[in-house]
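What follows is one structure encoded as structure tokens, with my remarks underneath.
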Amino acid sequence: EMQASEVDFINKTRERVLGKFRAMNLNVDQLRNAEGTKIFVKLSAPDAMLRYEAESRCIRLRLKEDYGGALCAFSQDLDDREAFEKSADGFELFSSTKQLEIIDG
């Protein structure tokens, strides 16, 4: 069993790290298991951040067939026209792989 000082150190370290993620404007959600012995942290980037980074880094997405079906650099103009295919893994625009590509920089 851990000492109270060890638990306190771990909690402060976790909060410091999560604070750094929040300072980067990432969404941070914490979930505990039923026993309360483990904490799971879910990180995600806000949609506006993904769009901004995708456009500035020329991340390529598949266009809908109506727009030729080719891979094309993301642009807000094309997004406003809903020209991009929805991702195959259930995300509205950026697949989980594209999200990692955008965040990883």
Side-chain angles (χ1 to χ4, degrees):
E1 185 135 338
M2 292 177 33
Q3 299 293 320
S5 61
E6 292 174 306
V7 172
D8 187 49
F9 174 77
I10 289 168
N11 287 336
K12 286 180 180 176
T13 301
R14 183 185 71 250
E15 287 306 317
R16 183 174 42 81
V17 170
L18 296 181
K20 288 182 180 185
F21 288 134
R22 288 184 185 103
M24 296 167 54
N25 293 322
L26 295 175
N27 300 322
V28 178
D29 294 315
Q30 294 184 67
L31 307 164
R32 293 184 185 270
N33 66 344
E35 296 80 25
T37 57
K38 295 181 180 165
I39 297 175
F40 301 90
V41 177
K42 178 181 163 187
L43 298 174
S44 61
D47 211 43
M49 178 189 288
L50 290 172
R51 282 176 160 75
Y52 174 81
E53 290 295 327
E55 188 163 25
S56 67
R57 297 183 47 225
C58 298
I59 299 294
R60 294 173 6 137
L61 299 174
R62 175 89 40 209
L63 291 170
K64 291 180 178 175
E65 285 301 319
D66 296 352
Y67 290 88
L71 285 174
C72 180
F74 176 83
S75 74
Q76 191 60 54
D77 180 52
L78 287 171
D79 188 37
D80 290 343
R81 291 191 262 159
E82 298 180 358
F84 295 108
E85 283 286 340
K86 293 188 181 203
S87 71
D89 62 0
F91 289 99
E92 186 66 27
L93 182 61
F94 301 108
S95 68
S96 52
T97 304
K98 285 293 179 190
Q99 290 178 43
L100 289 172
E101 183 181 339
I102 293 167
I103 292 169
D104 195 28

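Since this is a predicted model, take the numbers as computed values, not measurements.
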- Message: Between F21 and V41, does the side-chain contact (heavy atoms from CB on, under 4.5 Å) criterion hold? Intermediate values first, please.
- Response: CA-CA 11 Å; F21 288 134; V41 177; 5.7 Å; no
- Task: Quick one: do L43 and V28 satisfy side-chain contact (heavy atoms from CB on, under 4.5 Å)? Show the steps, please.
- Result: CA-CA 5 Å; L43 298 174; V28 178; 3.7 Å; yes
- List the steps and the verdict of side-chain contact (heavy atoms from CB on, under 4.5 Å) for E55 and D79. CA-CA 10 Å; E55 188 163 25; D79 188 37; over 6 Å; no
- How far apart are the C-alpha atoms of F40 and K38, what are their side-chain angles, what is the distance that settles it, and do they pass the side-chain contact (heavy atoms from CB on, under 4.5 Å) test? CA-CA 7 Å; F40 301 90; K38 295 181 180 165; 4.2 Å; yes
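From L93, atom CG reaches atom CD of Q99 across 9.0 Å, with rounding to the nearest 0.5 Å. The line from CZ of F84 to CG of L71 is 10.0 Å long, rounded to the nearest 0.5 Å. From R81, atom CZ reaches atom OG of S75 across 7.0 Å, with rounding to the nearest 0.5 Å.
Here the options are L61, L100, D89, the test is side chain to side chain contact (heavy atoms under 4.5 Å, CB included), and the partner is F94; only L61 passes.
The number of heavy-atom neighbours closer than 6.0 Å to OH of Y52, taken from other residues, nucleotides and ligands shown, is 12 or below. Within 6.0 Å of CD on E6 lie more than 12 heavy atoms contributed by other residues, nucleotides or ligands. Under a cut-off of 6.0 angstrom, the local environment of CD in E82 is sparse, with at most 12 non-hydrogen atoms contributed by other residues, nucleotides or ligands.
Checked for salt-bridge contact, E15 and K12 miss the test: no charged N lies under 4.0 Å from a carboxylate O.
The hydrophobic cluster containing L18 also contains I39, counting ILVMFWY residues as joined when their side-chain heavy atoms lie under 4.5 angstrom apart, directly or transitively. When the side chains of ILVMFWY residues are joined at heavy-atom separations under 4.5 Å, either directly or via intervening members, I59 and L78 end up in a single hydrophobic cluster.
Minimum heavy-atom separation, A45 to I103: CB-CD1, 3.9 Å. Between E53 and I102, the shortest heavy-atom contact is CB-CG2, 3.4 Å. Across all their heavy atoms, F91 and S87 have their closest contact at O-OG, 2.6 Å. Considering all non-hydrogen atoms of both residues, K86 and E92 come closest at NZ-OE2, 3.2 Å.
The main-chain N or O of R60 is found under 3.5 Å from a side-chain atom of K98 such that the two form a donor-acceptor pair.
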